[in-house]
Amino acid sequence: MFYFVRRGRCLDSIDLKGQPLDLDLTLGCGQAFRWRKREDGVWYGVVRDRLIELQVEGNLVYWRTYPDGGRELIVDYLRLTDDVNAANRWLSERDPHIAQLVERFHGMRLLRQDPTEALLSFVCSAANSIPRISAAIEVLASLYGELVCEKRGVCYYAFPKPERLAALEPGVLNVQGSLGFRGENLRMVAQQIVDQSEGWLLGLRNVPYACAHAELVAVRGVGPKIADCVCLFSLDKDEAVPVDTHVRQLAHRLFLPDLKAKSITNAVYRRVVDAFRERYGELAGWAQQYLFYEDLLRSRA
DNA sequence: CGTGGACCTGCATT
DNA sequence: CAATGCAGGTCCA
């Protein structure tokens with residue numbers, strides 16, 4: 001915090017009011033791909049049209065944006081008006097294992113990301129590793145994103161608009177960022193977003209989960225997993241459960257001992273989702289994120 | 001409805 | 001050093 005103050009301009013803070021926020025967990029748990037942590041412990045990343053710097057000290061989150069004036073953006077993105085304590089209590093009462101993870105990963109939150117960025121980002125995530133997804137997205141932003149700011153000689157770019165990606169020649173995205181076969185998927189999904197009416201994707205925040213999910217999987221190149229990522233990380237659908245290889249395996253271990261399948265068919269996907277929904281109801285997505293991250297750490301060990 | 005393969009690429013393991 | 005496996009999937013036969 002003192003470092004922040006010395007750096008000078010436009011320091012501000014937001015009172016967390018007793019609600020937990022751990023940036024290492026929230027920004028590093030695999031739900032967003034554009035955040036990095038500086039040597040001095042400050043997290044920075046581009047959200048929409050701003051570069052944001054964040055640091056938590058005690059019950060305050062210190063922040064700065066370039067250009068400035070991004071307070072509302074931060075409150076919205078970090079979901080700072082949510083009652084996370086209540087959610088964690090509710091989950092903990094239902095499952096002692098989750099209660100343990102709530103302690104261990106205290107302050108891990110779900111974000112409210114931009115739906116277009118979330119959709120296009122997770123298209124890049126198919127059978128890919130998290131470091132490579134992040135690297136690819138930075139390449140895309142620097143090539144096709146609008147300049148957000150320049151700070152200490154470094155340029156920061158917004159996530160590319162779908163119009164820009166859709167207009168590219170087929171094939172160029174396969175090479176750029178080493179996207180491989182995901183490149184063509186990305187271009188096609190971008191085109192389909194453009195083809196929809198303005199505000200279509202954002203409007204899915206105002207419809208029920210099942211409806212939003214159905215509209216997303218109707219997009220070519222978007223399956224149930226990516227659709228659920230978009231629902232959970234950007235559309236306020238806290239009951240959404242993205243089922244990937246990690247989640248399938250941990251569901252098998254914890255809930256569904258007779259789940260023999262080694263691949264995720266539609267039926268398997270539904271069974272895993274139902275198991276989560278049955279146990280964690282409207283907050284199944286939060287439970288998923290705790291369990292997913294535990295499994296991620298385990299697999300990296 | 002379930003299964004197997006194709007799709008790109010780079011890093012890790014054998 | 002070559003071969004194989006694998007990574008927050010989706011589509012198709």
Side-chain angles (χ1 to χ4, degrees), chain A residues 25-35 105 108 110-111 113 117-140 168-193 213-234 237 240-253 256 258-274 276 284-301:
Chain A
L25 294 169
T26 300
L27 303 177
C29 72
Q31 61 178 319
F33 300 106
R34 300 205 63 193
W35 289 94
F105 301 138
M108 186 168 80
L110 291 176
L111 298 168
Q113 301 183 52
E117 174 172 339
L119 176 52
L120 295 173
S121 293
F122 279 97
V123 167
C124 300
S125 78
N128 208 346
S129 68
I130 294 178
R132 288 194 49 201
I133 300 165
S134 298
I137 289 173
E138 287 316 310
V139 169
L140 291 181
L168 295 172
E169 291 297 319
V172 298
L173 287 177
N174 298 43
V175 182
Q176 291 167 343
S178 299
L179 278 173
F181 68 86
R182 304 164 199 88
E184 192 54 17
N185 274 347
L186 181 63
R187 195 182 61 82
M188 289 193 319
V189 171
Q191 181 63 58
Q192 291 171 88
I193 292 173
H213 191 266
E215 291 221 34
L216 286 167
V217 294
V219 176
R220 182 147 181 89
V222 177
K225 162 29 171 93
I226 292 175
D228 273 320
C229 286
V230 177
C231 283
L232 184 62
F233 302 138
S234 75
K237 312 304 184 204
V241 179
V243 181
D244 62 13
T245 51
H246 292 285
V247 175
R248 180 187 63 73
Q249 287 175 50
L250 70 88
H252 171 58
R253 197 170 64 238
L256 301 168
D258 60 326
L259 187 69
K260 297 283 187 253
K262 42 233 160 275
S263 63
I264 303 175
T265 63
N266 280 337
V268 170
Y269 198 101
R270 246 194 321 279
R271 283 191 65 190
V272 174
V273 168
D274 288 345
F276 269 85
W286 289 77
Q288 178 272 165
Q289 199 59 23
Y290 282 120
L291 292 166
F292 168 79
Y293 193 57
E294 178 188 38
D295 204 75
L296 195 65
L297 294 186
R298 183 180 307 195
S299 70
R300 295 210 274 236

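What's counted below: heavy atoms across the whole structure, side chains too, no hydrogens, waters or symmetry copies. Letters A, B, ... are given to chains in the order of the sequence lines, protein chains preceding strands, and every chain is numbered from 1.
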Toward the 5' end of DNA chain C, by each residue's nearest nucleotide, A:V217 or A:P242: A:P242
Ignoring hydrogens and geometry beyond distance, is the side chain of A:R182 in donor-acceptor contact with the base of B:dT9 at under 3.5 Å? no
Mark this stacking check for A:F181 against B:dC7 as yes or no, applying ring centres under 5.5 Å and ring planes under 30°. yes
A:P242 to A:L232 - nearest heavy-atom pair and separation: CD-CD2, 3.8 Å
Which of A:N174, A:V123, A:L120, A:V222 passes side-chain contact (heavy atoms from CB on, under 4.5 Å) with A:N185? Answer is A:V123
Considering every strand shown, what is the Watson-Crick or G-U wobble mate of C:dA3 when both distances are under 3.5 Å? B:dT13
Assign A:P131 to base, sugar-phosphate, or nothing according to its heavy-atom contacts below 4.0 angstrom with the strands shown. nothing
Please classify the nucleic acid contact of A:G180 as base, sugar-phosphate, or nothing, using heavy-atom distances under 4.0 Å. base
How is A:S178 classified with respect to the nucleic acid when contacts are heavy atoms under 4.0 Å: base, sugar-phosphate, or nothing? sugar-phosphate
Looking for any heavy atom pair under 4.0 Å, which part of the strands does A:F292 touch: base, sugar-phosphate only, or nothing? base
What contact category does A:Q288 fall into here, base, sugar-phosphate, or nothing, at under 4.0 angstrom with non-hydrogen atoms? base
Looking for any heavy atom pair under 4.0 Å, which part of the strands does A:A267 touch: base, sugar-phosphate only, or nothing? sugar-phosphate
Applying the side-chain contact (heavy atoms from CB on, under 4.5 Å) test to A:S234, which of A:E117, A:Q31, A:Q113 qualifies? A:Q113
Counting only Watson-Crick or G-U wobble pairs whose two distances fall under 3.5 Å, which nucleotide matches C:dG8? none
Once you apply a heavy-atom cut-off of 4.0 Å, does A:V222 come out as touching a base, just sugar-phosphate, or nothing? sugar-phosphate
Does A:H213 use its side chain to pair, donor to acceptor, with the backbone of A:P224 at less than 3.5 Å? yes
Determine the contact category for A:G30: base if any of its heavy atoms lies under 4.0 Å from a base atom, sugar-phosphate if only primed atoms, P, OP1 or OP2 are that close, otherwise nothing. base
